[in-house]
2 protein chains.
Amino acid sequence: MSKQELPIVDVGVQVAAEACCAPLVCEPLDEAEATELAPLFKAIADPVRLRLLSLIACHEGGEACVCDLTVAFDLTAPTISHHLKVLKQAGLIDSERRGTWVYYWINPSVLARMSALLSPASALAGTPA
Amino acid sequence: MSKQELPIVDVGVQVAAEACCAPLVCEPLDEAEATELAPLFKAIADPVRLRLLSLIACHEGGEACVCDLTVAFDLTAPTISHHLKVLKQAGLIDSERRGTWVYYWINPSVLARMSALLSPASALAGTPA
DNA sequence: TCTCTAATTTGACAGATATCTATGCACGAG
DNA sequence: CTCGTGCATAGATATCTGTCAAATTAGAGA
């Protein structure tokens with residue numbers, strides 16, 4: 001109990017980096033990493049963009065036309081376009097124009113990186129390496 | 001500096017089952033789910049809060065005192081307090097006062113849920129269908 | 001060419017957010 | 001009880017964000 005009373009000030013705890021993208025729970029994020037990662041989460045920190053991402057990912061062929069996406073919302077086309085731009089600038093999706101339509105698909109590696117960062121504290125509980 | 005000892009702690013372990021919510025890529029999110037999930041990502045969509053979460057998760061004992069956290073930033077105490085409140089209201093962390101100090105620890109199950117949602121687009125990445 | 005449709009860009013505006021200073025509250029020590 | 005410290009809240013403000021209407025760009029077809 002007395003142990004918990006003491007303010008063991010030891011913030012500089014740098015637990016030897018080893019893994020390429022260590023989960024949040026394994027090693028403290030430095031300022032640079034946090035600054036780089038936060039915009040990724042900001043990009044999906046919106047209900048519309050979360051659904052857009054999901055709709056694109058689940059769409060047949062792994063890609064979706066803007067017209068497919070727009071009809072799923074009660075929002076105007078410019079607004080959908082804006083959200084797609086945010087997702088694209090974050091690197092979460094990419095797009096290509098084919099004739100009249102523009103198609104979007106997700107970038108799985110970025111999503112995987114984000115997932116890994118949040119991955120279970122379980123790794124900490126029992127992982128050897 | 002060569003701290004190798006891992007703080008293998010048991011932080012209120014209650015890892016959510018993986019099957020609780022389908023990944024983004026398996027099934028389109030409906031509006032209600034998106035509205036519920038977006039705030040979780042919004043909570044970590046900030047460099048300061050990402051680092052706070054990481055610092056707390058990595059801290060010895062799985063919990064950290066506010067005083068430990070404040071010194072890691074060039075921000076005032078009220079600002080840190082504000083960010084901790086945002087994280088807590090999102091359900092990502094919890095806290096308790098013990099004597100003079102207030103301690104924060106992360107809620108692994110919420111983090112696990114978020115990770116699972118973004119989890120491997122692998123299904124999608126390899127499906128030419 | 002001219003016109004129609006798909007999608008983006010621009011400009012504007014209400015609402016949210018990050019930060020600070022000043023203040024208040026809850027402890028523990030005298 | 002009084003004082004000092006750790007932390008939270010309140011209020012103020014500058015900036016960012018989501019949305020729409022209007023204008024613009026790009027391609028298809030007559």
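Computed from a prediction, not measured in an experiment: that's the story for all the values here. The sequence lines fix the lettering, A, B, ..., with proteins before strands; numbering per chain opens at 1. Side chains are part of it too, since the values below use all heavy atoms of this structure and drop only hydrogens, waters and symmetry mates.
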In a table with atom names and distances, give each donor-acceptor pair under 3.5 Å that connects a side chain of residues 73-80 of chain A to protein atoms at least two apart or in another chain.
from	atom 1	to	atom 2	distance (Å)
A:Thr76	OG1	A:Thr79	OG1	3.2

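A:Glu96 pairs by the salt bridge (Lys or Arg N to Asp or Glu O under 4.0 Å) definition with A:Arg98, not counting sequence neighbours. In this view, B:Arg49 and B:His83 satisfy the side chain to side chain donor-acceptor pair (under 3.5 Å) rule, not counting sequence neighbours. With sequence neighbours left out, the side chain to side chain donor-acceptor pair (under 3.5 Å) criterion links A:Thr70 to no other residue. Checked against side chain to side chain donor-acceptor pair (under 3.5 Å), B:Ser81 has no partners two or more places apart in sequence or in another chain. Partners of B:Glu31 by salt bridge (Lys or Arg N to Asp or Glu O under 4.0 Å), not counting sequence neighbours: none found. In this view, B:Thr35 satisfies the side chain to side chain donor-acceptor pair (under 3.5 Å) rule with no residue, not counting sequence neighbours.
Of the residues in residues 78-94 of chain A, those with a non-hydrogen atom less than 4.0 angstrom from any atom of DNA chain D are A:Pro78, A:Thr79, A:His82, A:His83. Annotation: proximity of residues 34-49 of chain A to DNA chain D (heavy atom, distance under 4.0 Å) is found for A:Lys42, A:Asp46, A:Arg49, numbered in ascending order.
Between B:Tyr103 and the phosphate of D:dG6, there is no side-chain N or O to OP1/OP2 separation shorter than 4.0 Å.
Rounding to whole angstrom units, CD of residue B:Glu96 and P of C:dA26 are separated by 17 Å. Rounded to a whole Å, the CG atom of A:Leu75 is 14 Å from the P atom of C:dT8. Rounded to an integer number of Å, the gap from B:Leu69 CG to D:dG6 P is 14 Å.
Hydrophobic side-chain contacts under 4.5 Å tie A:Trp101 into a cluster, directly or through other members, with A:Tyr103.
The salt bridge (Lys or Arg N to Asp or Glu O under 4.0 Å) analysis of residues 35-47 of chain A, with sequence neighbours excluded, yields the pairs A:Glu36-A:Arg113.
The residue among A:Val102 and B:Thr76 whose nearest nucleotide of DNA chain C is located toward the 5' end is A:Val102.
Listed here is the closest heavy atom pair of A:Leu111 and A:Leu92: CD1-CD2, 3.6 Å.
With 3.5 Å as the limit, one finds a donor-acceptor pair spanning the side chains of A:Ser115 and B:Ser115.
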List every contact pair, protein side and nucleotides 25-30 of chain D side both N or O, where the distance is under 3.5 Å.
none

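Among the protein residues, A:Phe73 comes within range of no part of the nucleic acid, since none of its heavy atoms lies under 4.0 Å from any strand.
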